[in-house]
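See below for the structure under consideration.
Atoms within each ligand, like the ligands themselves, are counted from 1 in listed order.
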Amino acid sequence: MNSFTYVRARNQAEALSSLKDAKFSLPVFKGGGLDLVDHMKEGLIAPDALIDVRGVRGEGDLAGNGPDAVEMKGEVIRFPAAMTLAQAANSAVLRKFAPVVAMTAGSAATPAVRNVATVAGNLLQRPRCWYYRNSQFNCLKKGGSTCFAVEGENAYHAIFSTGSSPGPCHIVHPSNLAPALMVCDAVVHTVGNADRKEIPIGKLFHGPEKGVTSEHTLEAGELITHITMKARPVSGFYAIKEKQSFDWPLVFACVAIEMAGERIGKAEVVAGAVAPVPWALPAVAAALKGVDPKDERALTEACALAGKGAKPMRDNGYKVGLLSVAVKRAVMKAAGVAIAGEEGR
Ligand SMILES: Cc1cc2nc3c(=O)[nH]c(=O)nc-3n(C[C@H](O)[C@H](O)[C@H](O)COP(=O)(O)OP(=O)(O)OC[C@H]3O[C@@H](n4cnc5c(N)ncnc54)[C@H](O)[C@@H]3O)c2cc1C
Ligand code: SF4
């Protein structure tokens, strides 16, 4: 790892000016530093300045620490980009008014990681594809000419593609939080780009057909300050994992519903770990309308649509079936219906 300068920015102005400082040739923002330092250790990136943005304060910023960094005004929830996943998981406001976000944050990684990882860093973390993460493989995402996952080990890769044909890169989006924020209609607030200050969460990410070497639409020097989103008190998350801690999910689903009496009046469903971006499932959302979440047969039928359009690779066809189960259980979690065998979990 090369040497670098560490800058602790105290406010937005310091963060932005440090990034433009001519004495640095490759300065980068740093949240908790978990993904960034992993990249540096693997030799995938060699910044000469890390601008720590966890202390950024100022107009439009929230504190980012304290027992509950989350504010709620009317139906709008607001929290700082530097809030940790642990704070999100434990926030009384999120647990009550957007449980899908608290559950999703609380299920990511390990307690040690959650205590350090920030919301912005989680959204912007790079993919987990093992060819990408290994400096020995110069794949398409790193400017090479091949996607090694096509002929290689692709058990954890995408089953849906964002372009008209699968590829060119088959990553799954790594963030747990992104699909949860999508079902809450979140907006990402930024500084550092004169032309825009707000990005709807769905527009923060792009598929590989729109640029294979990056996953998000932020420009260099654009700093995420905070997130706003709508309250979704009836919402839930379900992940299927090989192991319950220290691992990313095989598939997961985030669901927000509005009940009309005993039945679902409206639903939003977004899946994770199945596509290069958080993957909205509008057909499932439409099929859920009118379903009583306690009616297991009707629920299973609606959620079976989750895998429609999937084009699995050689080793990841198992994700198609798992996805329907994850969506069904996320709806049950949201609606407070017990899942057999998971009482007390
Ligand atoms: C063992 C393990 C298991 C894990 N399991 C999961 C899991 O199940 N689900 C999951 O979602 N994640 C998981 N992770 C990943 C972890 O959650 C991320 O690495 C972490 O959230 C990154 O956050 P950070 O604050 O450390 O980001 P950093 O590493 O500091 O930054 C990541 C990127 O975001 C940029 N950045 C940071 N803050 C800002 C900002 N305010 N504005 C603009 N750019 C910014 C940085 O420049 C960098 O490019 C796991 C990690 C480990 C080690
Ligand atoms: S899936 Fe993407 S990141 Fe992985 S090897 Fe292929 S091009 Fe590289």
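Ranking protein heavy atoms by distance to atom 1 (S) of ligand 2, first place goes to His170 N, 3.2 Å. Scanning all protein heavy atoms for the shortest distance to atom 17 (O) of ligand 1 gives Asn122 ND2, 3.2 Å. The closest protein non-hydrogen atom to atom 46 (C) of ligand 1 is Phe29 O, 3.1 Å. When hydrogens are left out, the protein atom nearest atom 4 (Fe) of ligand 2 is Cys129 SG, 2.3 Å; that is the closest non-hydrogen contact. Of the protein's heavy atoms, Ala117 CB, 3.5 Å lies nearest to atom 20 (C) of ligand 1. At the shortest separation from atom 45 (C) of ligand 1 among protein heavy atoms lies Leu124 CD1, 3.6 Å. Among all protein heavy atoms, the one lying closest to atom 41 (N) of ligand 1 is Ile224 O, 3.0 Å. When hydrogens are left out, the protein atom nearest atom 28 (P) of ligand 1 is Gly33 N, 3.5 Å; that is the closest non-hydrogen contact. When hydrogens are left out, the protein atom nearest atom 24 (P) of ligand 1 is Gly32 N, 3.5 Å; that is the closest non-hydrogen contact. When only non-hydrogen protein atoms are considered, atom 8 (Fe) of ligand 2 lies nearest to Cys139 SG, 2.4 Å. If you check which protein heavy atom lies closest to atom 14 (N) of ligand 1, you get Trp248 CZ2, 3.0 Å.
Side-chain atoms of Thr104 and Asn176 form no donor-acceptor pair, as typed in the model, at a separation below 3.5 Å.
In terms of modelled atom types and a separation under 3.5 Å, the side chain of Asn316 and the main chain of Ala158 share a donor-acceptor contact.
Under a cut-off of 6.0 angstrom, the local environment of CD in Glu42 is crowded, with over 12 non-hydrogen atoms contributed by other residues, nucleotides or ligands. Heavy-atom neighbours of Lys210 NZ from other residues, nucleotides or ligands within 6.0 Å: at or below the threshold of 12. Enclosure of atom NZ in Lys241 by more than 12 non-hydrogen atoms of other residues, nucleotides or ligands within 6.0 angstrom is indicated. Few gaps surround OH on Tyr6; more than 12 heavy atoms of other groups in view lie less than 6.0 Å from it.
If you look at Ala82 next to ligand 1, there are no close heavy atoms at all, none under 4.0 Å. Of all the heavy atoms of Val113, the ones lying under 4.0 Å from any atom of ligand 1 belong exclusively to the side chain. Of all the heavy atoms of His157, the ones lying under 4.0 Å from any atom of ligand 2 belong exclusively to the side chain. Contact annotation: for Arg114 versus ligand 1, there are no heavy atoms closer than 4.0 Å. At a heavy-atom distance under 4.0 Å, only backbone atoms of Ser175 (N, CA, C or O) approach ligand 1.
Polar contact check, Lys241 against ligand 1: no nitrogen or oxygen pair lies under 3.5 Å apart. For the pair Glu222 and ligand 1, the shortest N or O to N or O distance does not fall below 3.5 Å. Residue Leu34 places at least one N or O, backbone or side chain, under 3.5 Å from an N or O of ligand 1.
Below 30°, between 30° and 60°, or above 60°: for Tyr156 and Trp130 the angle between ring planes is above 60°, a perpendicular geometry. A tilted orientation is assigned to the rings of His39 and Tyr132, their planes being inclined by 30° to 60°.
Counting backbone and side-chain atoms alike, Cys169 contributes an N/O/S atom closer than 2.8 Å to atom 2 (Fe) of ligand 2. With a cut-off of 2.8 Å, atom 4 (Fe) of ligand 2 has no N, O or S atom of Cys147 in range.
Not a single heavy atom of Thr110 sits less than 4.0 Å from an atom of ligand 1.
Here Phe237 and Phe252 bring their ring centres to under 6.0 angstrom of each other. Here Phe205 and His173 bring their ring centres to under 6.0 angstrom of each other.
Pro293 and Leu299 make their closest contact through O-CD2, 3.5 Å (heavy atoms, listed as atom of the first residue, atom of the second, distance). Of all non-hydrogen atoms in Ile199 and Arg196, the two that sit nearest each other are CD1-CZ, 3.5 Å.
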Verdict with reasoning, Arg263 to Asp292, per salt bridge (Lys or Arg N to Asp or Glu O under 4.0 Å): CA-CA 4 Å; Arg263 294 175 186 276; Asp292 178 344; 5.6 Å; no
Salt bridge (Lys or Arg N to Asp or Glu O under 4.0 Å) evaluation trace for Asp35 with Arg133: CA-CA 11 Å; Asp35 200 40; Arg133 291 271 161 178; 3.0 Å; yes
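Closest to atom 22 (C) of ligand 1 by heavy atom, among Pro80, Ala120, Gly121, is Gly121. In this comparison of His216, Arg54, Gln125, the heavy atom closest to atom 15 (C) of ligand 1 sits on Gln125. Nearest residue to atom 8 (O) of ligand 1 from Asp247, Leu177, Val56 is Asp247 (criterion: closest heavy atom).
Of the inter-residue distances, the one linking Asp315 atom CG with His157 atom NE2 reads 10.0 Å to the nearest 0.5 angstrom.
Every atom of ligand 2 with a heavy atom of Ile171 under 4.0 Å away is listed here by number and element: 1 (S), 2 (Fe), 3 (S). Taking every heavy atom of Tyr132 and a limit of under 4.0 angstrom, the matching atoms of ligand 2 come to 3 (S). Here is the list of ligand 1 atoms found below 4.0 Å of a heavy atom in Ala109: 3 (C), 4 (C), 5 (N), 6 (C), 7 (C), 8 (O), 50 (C).
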